[in-house]
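Below is one structure; the comments refer to it alone.
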Protein chains: 2
Amino acid sequence: MLTVSLASPIALHDQIVAGLRDLIARGTLAEGDELPPVRQLAADLGINLNTVARAYRELTDSGLLASVRGRGTIVIATVERALGPRADDRKRIEAGLAAAFNDAKIAGFSRESIEPIVQRQLDRLWKRSATS
Amino acid sequence: MLTVSLASPIALHDQIVAGLRDLIARGTLAEGDELPPVRQLAADLGINLNTVARAYRELTDSGLLASVRGRGTIVIATVERALGPRADDRKRIEAGLAAAFNDAKIAGFSRESIEPIVQRQLDRLWKRSATS
DNA sequence: CCGATTGTATCACACTTTGATACTAAGTCA
DNA sequence: TGACTTAGTATCAAAGTGTGATACAATCGG
């Protein structure tokens, strides 16, 4: 359900955050769903419980999760948030896309080769009958 | 031409790398162009020269720049690389796009609202007569 | 109440980032 | 050639960040 890589240059807790956000974004984790306890997920991933706890906390601070000591952690964000995107979100997201596209351009991708990748990503999150 | 933020969670040298890659990707910096000396760019940005040197070195290792002690640093990568993208590049780029799109989905963006943003990013790098 | 389970806080260690400083190589000009 | 400037590089220290070991606190079930 979730994996991390010790060899990755990305910090472990950031990998967990990204993985959980991915599961939430695609609807695998929906509002009210319980997450595994920090100790269990840490054991499954072979890492320290603090690292998982930190990821949970960051997502809690972001308003996606809710943790109660002794009870557990659940998802509280629906996939489409009630109030829609804010200006801050847009800026951050545009920066993320720009970095990825710059990377693609320098790596030698053509527009024709990158567009199908983008379409597949969009289809993955915002379901639409496949174009093929 | 380039700015960095001390407040950003992203490391300074990574900000410089991303900024230079952006300039290269959009063609502002082309093959053969000289980059400012590490001391000058460091002074302009108000940071240490080692930080700039590290960014230059990382891009040199990536094959985008060439540095010669005593002479300077130049761009050696054309925007479209000779051999085209490799499998590693594709994986990394897909991961970057997925993270940005997940972010957008969770932030409440609809597919209709994200698509124009994507199109504008693509137009920015792979010029095409504007659709407007 | 007592124990089990869960998230949280504290502390230590290792690695990374950033900076201060010194060194080395290439060019310039007398 | 030799002195000087300009360029990237190497070395070392300080501060910050990531990860882990351990102990603490809150909740639930018997």
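The sequence lines fix the lettering, A, B, ..., with proteins before strands; numbering per chain opens at 1. Atom set for the values below is all heavy atoms of this structure, side chains included, hydrogens, waters and symmetry mates excluded.
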Candidates dG7(C), dG8(D), dT18(C) - which lies nearest the side chain of Val38(A): dG7(C)
Residue closer to the 5' end of DNA chain D, Thr73(B) versus Leu6(A) (nearest nucleotide): Thr73(B)
Interatomic distance where CG belongs to Leu41(B) and P belongs to dT6(D) [whole Å]: 17 Å
Protein-nucleotide distance (Glu58(B), atom CD; dT16(C), atom P), rounded to Å: 12 Å
Spacing between Glu34(B) atom CD and dG27(C) atom P, to the nearest angstrom: 12 Å
Base dG8(D) paired with Arg71(B) side chain (donor-acceptor, <3.5 Å): no
For atom CD1 of Ile10(A) and atom P of dT19(D), their distance in whole Å: 11 Å
Chi angles and distances behind the side chain to side chain contact (heavy atoms under 4.5 Å, CB included) call for Arg111(A), Asp123(B): CA-CA 9 Å; Arg111(A) 177 159 184 158; Asp123(B) 291 340; 2.7 Å; yes
Flag side-chain contact, heavy atom, 4.5 Å: Leu97(A) against Leu97(B): yes
d(CG, Leu12(B); P, dT16(C)) in whole Å: 17 Å
Cationic N near anionic O, under 4.0 Å, Asp88(B) to Lys91(B): no
Rounded interatomic separation in angstrom, taking CG from Asn48(B) and P from dA10(D): 16 Å
N/O donor-acceptor pair under 3.5 Å between Ser62(A) side chain and Leu64(A) backbone: no
Sugar-phosphate, base or nothing in reach of Leu49(B), heavy atoms under 4.0 Å: base
Distance below 4.0 Å between Thr51(B) side-chain N/O and dG19(C) OP1 or OP2: yes
Sugar-phosphate, base or nothing in reach of Arg57(B), heavy atoms under 4.0 Å: nothing
Nearest-nucleotide pick for Val68(A), side chain only, options being dG19(C), dT27(D), dG7(C): dT27(D)
Atom-pair distance (NE2 on His13(B); C1' on dT9(D)), nearest Å: 17 Å
Residue Ala11(A), side-chain heavy atoms: nucleotide from dT17(C), dT19(D), dT8(C) that is nearest: dT19(D)
Atom-to-atom span, CG of Asn50(B) to P of dA15(D) - whole angstrom: 17 Å
dG8(D) OP1/OP2 closer than 4.0 Å to side-chain N/O of Arg39(B): no
Step-by-step side chain to side chain contact (heavy atoms under 4.5 Å, CB included) determination, Val75(B) to Leu65(B): CA-CA 5 Å; Val75(B) 180; Leu65(B) 302 181; 3.9 Å; yes
